[in-house]
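Take a look at the structure set out below.
Just follow the structure's listing: the first ligand is 1, and inside any ligand the first atom is 1.
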Amino acid sequence: MDWSTRLFRTALLAVANRPSLEAWAVKYGPKLGADRFIAGTTAAEALEQVARLNGQGIAATLDYLGESVLEPDRAEESRQAYIGLLAAIDERRLDANVSLKPSQMGLAIREELALNNIRCIVQEGKRRGLFVRIDMENTPYTDATIRLVRQLHAEGLANVGAVIQAYLRRSEADVMSLTEAGINLRLVKGAYKEPAALAYPAMSDVNESLRRLIRMRLDSGVYTAVATHDDAIIDWTCEYAKRRGIASDRFEFQMLYGIRTPLQQSLARLGYRVRCYVPFGERWYPYFVRRLAERPANLWFVLKNGMRG
Ligand SMILES: Cc1cc2nc3c(=O)[nH]c(=O)nc-3n(C[C@H](O)[C@H](O)[C@H](O)COP(=O)(O)OP(=O)(O)OC[C@H]3O[C@@H](n4cnc5c(N)ncnc54)[C@H](O)[C@@H]3O)c2cc1C
């Protein structure tokens, strides 16, 4: 990543949590092109998109958008929404699971509250034979998130999994211990603004770290999701799995809704497992800003739409 891209990314992530900007963006969002990345504001709209993806041989993970919740009632509302979502996936027999953010479940209020909310969802998932992925947020939440996934897994809830961010210097040790516990992981590069003391600032180091983590996981045989749109990493993973005789049902590729759709389709056609991350809901703004920060060209797309409207 060159210095101007890094500056752009830092500036965008710094404004991501400004309530005044959020209110403005939510009002003009669809006109700005947010619907390219968000599958609608209601579960019904998102479920339609999941059915469409399933028709193309692509599985989904549904994310009811929300994060940094500070009121227990809102965490409770999100918990209920996820319980309803699991029922809808099951009843419609969709090839889908769910992803949720611990801070949406109350982690910023009290760890115990988030643990209890998430436990209810994972238990409901288990009852319906559905998997629940706990997304990884920024580093103030890393330890608690790993702790709660380990706790639920130790309670016999094998349908819960975590996410590990390759940009964090600690991730190799986390992958090692979570692999020993047999926990399903999604590996990503990492989407938040983190200090250099905790995260590699250079993209070349992040890429190298991600390859190292993928290698560890594929060699271990514990089911792994490789979540990236990076051609080089995807090609390398396919090549590595082939060379080591790792069956293509031991891992899956994951990509975000609206990003590199033709690549998702072509990997599915080649027989790889592909899962699309499908976010929906009214609280799409922080997610949207992270997508803009990943790629400066996205901001031009938004500005162009805004000027046209
Ligand atoms: C399924 C899934 C789940 C994720 N869950 C988490 C999580 O829990 N925690 C977390 O911190 N991060 C998460 N992320 C985000 C991840 O950390 C990265 O920020 C994001 O995937 C971009 O990195 P990349 O691996 O695609 O590689 P990059 O090197 O950033 O991008 C490679 C190529 O992909 C395309 N691309 C990447 N991003 C965009 C974009 N926004 N718009 C358009 N094109 C783009 C471009 O062609 C780019 O050249 C998730 C990502 C995915 C795919």
Just need the protein heavy atom nearest to [atom], so name the residue and atom and give the distance.
atom	result
atom 43 (C) of ligand 1	Arg295 CD, 3.4 Å
atom 50 (C) of ligand 1	Val188 CG1, 3.6 Å
atom 47 (O) of ligand 1	Arg260 CD, 3.8 Å
atom 42 (N) of ligand 1	Asn298 ND2, 2.7 Å
atom 12 (N) of ligand 1	Ala191 CB, 3.6 Å

Which ligand 1 atoms, with their elements, are less than 4.0 angstrom from a heavy-atom of [X]?
X	result
Gly190	11 (O), 16 (C), 17 (O), 19 (O)
Val163	7 (C), 8 (O)
Asp135	8 (O)
Gln165	9 (N), 10 (C), 11 (O)

Has ligand 1 got any nitrogen or oxygen that is less than 3.5 angstrom from a nitrogen or oxygen of [X]?
X	answer
Tyr277	no
Leu256	no
Met136	yes
Lys189	yes
Glu294	yes
Tyr167	no

Looking only at the side chains, is there a donor atom on one of [X] and [Y] sitting less than 3.5 Å from an acceptor on the other?
X	Y	answer
Asp135	Tyr141	no
Tyr223	Glu252	yes
Tyr240	Asp219	yes
Arg186	Ser99	yes
Asn207	Lys189	yes
Gln264	Tyr257	no

Distance below 4.0 Å between [atom] and any protein heavy atom?
atom	answer
atom 31 (O) of ligand 1	no
atom 25 (O) of ligand 1	yes
atom 18 (C) of ligand 1	yes

Ignoring hydrogens and geometry, is there a side-chain-to-backbone donor-acceptor pair from [X] to [Y] under 3.5 Å?
X	Y	value
Ser209	Asp205	no
Ser78	Met105	no
Tyr167	Pro201	no

TODO: Would you please classify the geometry between the Phe37 ring and the Phe288 ring as parallel, tilted or perpendicular, with 30° and 60° separating the classes?
DONE: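 Because their plane-to-plane angle lies in the 30° to 60° range, the rings of Phe288 and Phe37 count as tilted.
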Open item on the list: Return the CG to CG distance between Leu267 and Leu263, rounded to the nearest 0.5 Å.
Closed with: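 Going from CG on Leu267 over to CG on Leu263, the span is 4.5 Å.
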Open item on the list: Looking at ligand 1, would Arg186 count as a contact under a 4.0 Å heavy-atom criterion?
Closed with: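 True for this residue.
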Open item on the list: Pair Arg170, Ile146 - check side-chain contact (heavy atoms from CB on, under 4.5 Å), show working.
Closed with: CA-CA 12 Å; Arg170 59 179 282 169; Ile146 291 178; 3.7 Å; yes
Open item on the list: Once you restrict to heavy atoms under 4.0 Å, what part of His229 touches ligand 1? Side chain, backbone, both or neither.
Closed with: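 Answer for His229: both.
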